[in-house]
Amino acid sequence: LDALLSFPYAQPDSNTFAGMIRACVNLLPDTDERDVRVIDIFRLAYQTPNTAVKSSVIPERLQVPAGGGCVDANVLRQLRYAIPTNEYIRVREEYEEHRRKNSK
């Protein structure tokens, strides 16, 4: 993932991070360590600037919100599936706080 983030010819987007979370769920045993890895990937997703252009074809509710980095509805769905409810609520609140601070 670090190599992808530093590669000048390709930039990660919401699909990259949704796929990484999905891979963790499918390839790692269901442990606290997996939860920590998934949360780290999610944090990286919302801290990574979104370089995608807004699309008029995709409904606005599915697009990345302002200040949301590379997090869209699909990333949130994968996160919800990947970690326990109490962790999801905590991490989602962190994300919303980050998004509010950076939506300017």
Side-chain angles (χ1 to χ4, degrees):
L1 188 57
D2 290 334
L4 177 63
L5 291 172
S6 65
F7 193 63
Y9 302 107
Q11 296 299 314
D13 62 9
S14 59
N15 294 319
T16 305
F17 291 103
M20 295 290 291
I21 292 172
R22 195 170 39 253
C24 286
V25 170
N26 291 328
L27 299 174
L28 299 175
D30 188 3
T31 63
D32 290 342
E33 183 179 337
R34 181 183 85 179
D35 295 346
V36 168
R37 289 179 189 263
V38 167
I39 291 168
D40 287 345
I41 291 169
F42 178 69
R43 286 183 179 136
L44 185 58
Y46 70 70
Q47 293 169 358
T48 300
N50 181 19
T51 57
V53 177
K54 279 212 169 227
S55 171
S56 60
V57 177
I58 301 172
E60 189 171 335
R61 66 182 176 79
L62 297 177
Q63 293 188 34
V64 175
C70 290
V71 175
D72 65 2
N74 191 30
V75 173
L76 292 173
R77 192 176 312 110
Q78 293 301 322
L79 179 69
R80 178 66 192 97
Y81 177 72
I83 59 177
T85 300
N86 61 328
E87 288 294 311
Y88 175 78
I89 291 169
R90 181 181 61 78
V91 173
R92 180 70 191 262
E93 287 173 349
E94 287 177 16
Y95 163 68
E96 292 300 335
E97 181 65 27
H98 173 84
R99 194 178 63 76
R100 279 191 293 275
K101 286 180 183 176
N102 294 286
S103 64
K104 297 171 180 129

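Atom set for the values below is all heavy atoms of this structure, side chains included, hydrogens, waters and symmetry mates excluded.
Checked against side-chain contact (heavy atoms from CB on, under 4.5 Å), V36 has the following partners two or more places apart in sequence or in another chain: D40. Partners of E96 by side-chain contact (heavy atoms from CB on, under 4.5 Å), not counting sequence neighbours, listed by chain and number: R92, R99, R100. The side-chain contact (heavy atoms from CB on, under 4.5 Å) search around R80 returns T85, Y88, not counting sequence neighbours.
Note: C24 SG to L79 CG = 11.0 Å, rounded to the nearest 0.5 Å. Taking CG of L28 as the reference point, atom CZ of R37 lies at 6.5 Å (rounded to 0.5 Å). Rounded to the nearest 0.5 angstrom, D13 CG and D72 CG are separated by 8.5 Å. Rounding to the nearest 0.5 Å places OH of Y95 at 14.5 Å from CZ of R43. Rounded to the nearest 0.5 angstrom, I21 CD1 and N74 CG are separated by 9.0 Å.
When side chains are defined from C-beta on, K101 counts as touching E97, because their heavy atoms get closer than 4.5 Å. With contacts defined as side-chain heavy-atom distances shorter than 4.5 Å, the pair V38/Q78 does not qualify. Annotation: side chain of D35 is in contact with side chain of P84 (closest heavy-atom distance under 4.5 Å). The shortest side-chain heavy-atom distance between T48 and P12 falls under the 4.5 Å cut-off.
Two rings, from F42 and F17, have their centers 6.0 Å or more apart.
Side-chain atoms of N86 never come within 3.5 Å of backbone atoms of I89 as a donor-acceptor pair (strictly under, hydrogens ignored). The backbone N or O of Q47 sits nowhere less than 3.5 Å from a side-chain atom of H98 that would complete a donor-acceptor pair. Between the side chain of R34 and the backbone N or O of V25 there is at least one donor-acceptor pair closer than 3.5 Å.
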